[in-house]
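Have a look at the structure below before the remarks.
So that the names make sense, note that chain A is the first sequence line, chain B the second, and so on, each numbered from 1.
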Amino acid sequence: MVNTVSIGQLTEEANYDRFMERIEAGEKIETEDWMPDEYRMTLIKLISMHGISEIMGALPEKEWVPKAPSLRRKLGIMAKVQDEMGHGQLLLRVAEDLMKPLGKTRENIIRDLLSGDLKFHNVFHMEAKTWGDAGLIGWLVDGAAIITQTNMLDASYGPYARALKRICAEEVFHAQHGEAIIMALAEGTDEQKAMIQDSINRWWEALLMFFGPGDASTTGTSKQDTTIKYKIRTKTNEELRQDFFTKYIPRVLSLGLTLPDETMHFDQDAGMWQYLQPDWSKFKQIIKNNGPKSKERLRLREISYTNNKWVIDALQN
Amino acid sequence: MTHTLVDALKDECYHNSAIELLFQLADDDFILSYRGSEWLGLAPHIEEDVAFSSISQDTMGHAAMFYQLLQDLGAGDADELAHVRSAGERKNAVLLEKVNGLGTYLAEPHYDWAFAVVRNYFYAQAKKIKIESLKNSSYQPLAEAAVKVSMELYYHLLHWKTWFTQLMDAGGEARTRMESAIKIVLDDLDGLFSLGNSGPELTKHSLIDSEDTLRAAWVNRMSPVFESVNFNIPEKFGMKNGNGRNGEHTVDLKSALDILGEVYNLDPAASW
Amino acid sequence: MSGKGFYQEFEVFSKRTDTSPLQYQFSLLAPNHELALVMAQENFMRREPVADIWIVKRDDVRKMTLEERQSLQRLDNKDYRNTKGYGYLKKKWRFYEQEMLDEKEILSWGGKQNK
């Protein structure tokens, strides 16, 4: 029985072939299973960025938690931002287990974030100026996140797929929480309507950037080929962006809101939405922590880290 | 004698006392939950951030229940009561309005975890004692609410007690920080037990036990905990920064009210 | 408490009701069992009922390796372990004008005492 030969004794090449066979067969790879370095490093990069983006993503919305305009909204947004922290927890645990053989821990993740080595998602560098932005984040940013995350629900790495399953279930609540805020504004006073339109105008470019560049030609690098090869995800960035348009544009328009791109339309022949590209050079700057709120938000994390260090030190046992 | 909502609406003196007490209860939970919401994303540990937020949500939920009882008694719309009343009209204990530390939640929040642990633990215990007393309140809707609220307090107490004893037992810098936090909290702790100028009325109507009874019960419950961490509590607690039950408050409350009502007050008539 | 720093790994298990089996939830980091316990419910079971929680130190969990997991496979030729292998009895009992005591029937016997 060839299959019972200990995998650890196989050559690197045989290990790789066996690994790819498992992936092709739809098997889930578990933390301690043999995996090629490229797979491990790709996952670490992807999942630690995903996890830390949840943590950083809590910050723009958190600005509106104490200000939420009713008891019910205060409760809803508190629960929503709590979930973001909770998603960060789930994802960082997955990333931490992958990093363990490299001798790295959560502290490394936080330090890498503060040093700029670990990037966080472009949308969370943006300013959340108004209550409308808090609603828009819940509705459209979480909507975009649902599209990218459901695309990985069947990821070949078991622990990631399982974390995503938990996360996506909660995202459904997030989307409805966002919709509830937006709906109240869209059906409200003229000022309230203007508030949400202004949010869409300001966030549109960041939403387009959300899914990343269409291919490496715009920004120089792209991990999408590797993640597709290892069955971590199935669709390309552009396919995801198109899915987002299809799901959300009719809804935005149905509420009497407009898009800040007059050229935007669905091209029946090409079967695709045509739209003005965002400024990808700006995207590159944003993810290098040169976005409108990058420094301030990193500063919040840094304070939380240094200010509470005594607690961590006290309970070393 | 038990009073239903209908009974309370018929007896002006009783009605006023019930409203007075409900404002104290609602405002306490509301402002402490607000302070908790400022901590969101800034706690010492991600897992703890999530747990702490659940407690803040529970507490806001309790505030909402008490504001609803006020609304039922004709005191005004629950959201309006929470968002519009000025500092002078608020009845919360001053201890609960105090800022979390230096800075604001938006910029340079140098928050003090020791203060958070001590304030929340001491409050959770005081609230538990009040809620036990309120289960026997003469105002029936309040007694019913107390049974519900009580359910969630076991967790709040377990959670904060675990943090409290572990940090107290850790020694070194943690012990020093915890002891300074305890001092600050004790200086205003009596405000939690105070029932304000109308206290005698509240007790007379059997709405809640007297201040002395509540305080003694707290000391009784907490003494073994203090003993276990080798800490001597003073005989008397303070109300150094005023008695919130009588509308005395600090600037901390004023700035909190500006923030928590910012969006609501853009258009109080609008639906948000 | 063991001395390995604040960020220790704990596995969290929970029961939904008193009668449900223990189910694995997820892992968390905590400095000790007590703090792990007070954080567990709110991290993983915010939206579901919980009747009990178990916390296990990751180091105390012996997991299977990929090769060992192959030892879990077995042939589908063991119907003698199940009622499926004894289905013919039903027909036999019918011959003797008796009902078959099947799983449904037997498990219904435990009910409350007759008063």
Working to the nearest 0.5 angstrom, can you tell me the gap between Leu66(C) CG and Phe19(A) CZ? 11.0 Å
List the steps, then state whether salt bridge (charged side-chain N to carboxylate O under 4.0 Å, His left out) holds for Glu32(A) with Arg69(C). CA-CA 12 Å; Glu32(A) 276 123 45; Arg69(C) 292 205 295 274; over 6 Å; no
Using salt bridge (charged side-chain N to carboxylate O under 4.0 Å, His left out), reason through Glu30(A) and Lys63(C) one step at a time and then give a plain yes or no. CA-CA 11 Å; Glu30(A) 295 299 327; Lys63(C) 287 201 214 166; over 6 Å; no
Please lay out, stage by stage, how Leu90(A) and Phe44(C) fare under the test side chain to side chain contact (heavy atoms under 4.5 Å, CB included). CA-CA 9 Å; Leu90(A) 299 170; Phe44(C) 308 127; 3.7 Å; yes
Could you tell me which portion of Gln73(C) (side chain, backbone, both or neither) has an atom closer than 4.5 angstrom to a non-hydrogen atom of chain A? neither
Is it the backbone or the side chain of Ala169(A) that comes under 4.5 Å from a heavy atom of chain C, or both, or neither? neither
So is Arg162(A) actually on top of Phe26(C)'s ring, under 6.0 Å and inside 45° of the axis? no
Tell me, for Leu28(C) versus chain A, whether the close heavy atoms (under 4.5 Å) come from the side chain, the backbone, both or neither. both
With chain C as the partner, which of Arg166(A), Arg106(A), Met85(A), Glu107(A) has the greatest number of non-hydrogen pairs under 4.5 Å? Arg166(A)
Keeping the roles fixed (side chain from Gln89(A), backbone from Ser27(C)), state whether a donor-acceptor pair exists under 3.5 Å. yes
So how far is it from Phe6(C) CZ to Thr105(A) OG1, rounded to the nearest 0.5 Å? 12.5 Å
Show, in sequence, the C-alpha distance, side-chain angles and deciding distance for Arg58(C) and Asp97(A), and conclude whether the side chain to side chain contact (heavy atoms under 4.5 Å, CB included) test is met. CA-CA 11 Å; Arg58(C) 163 82 62 88; Asp97(A) 284 345; 3.1 Å; yes
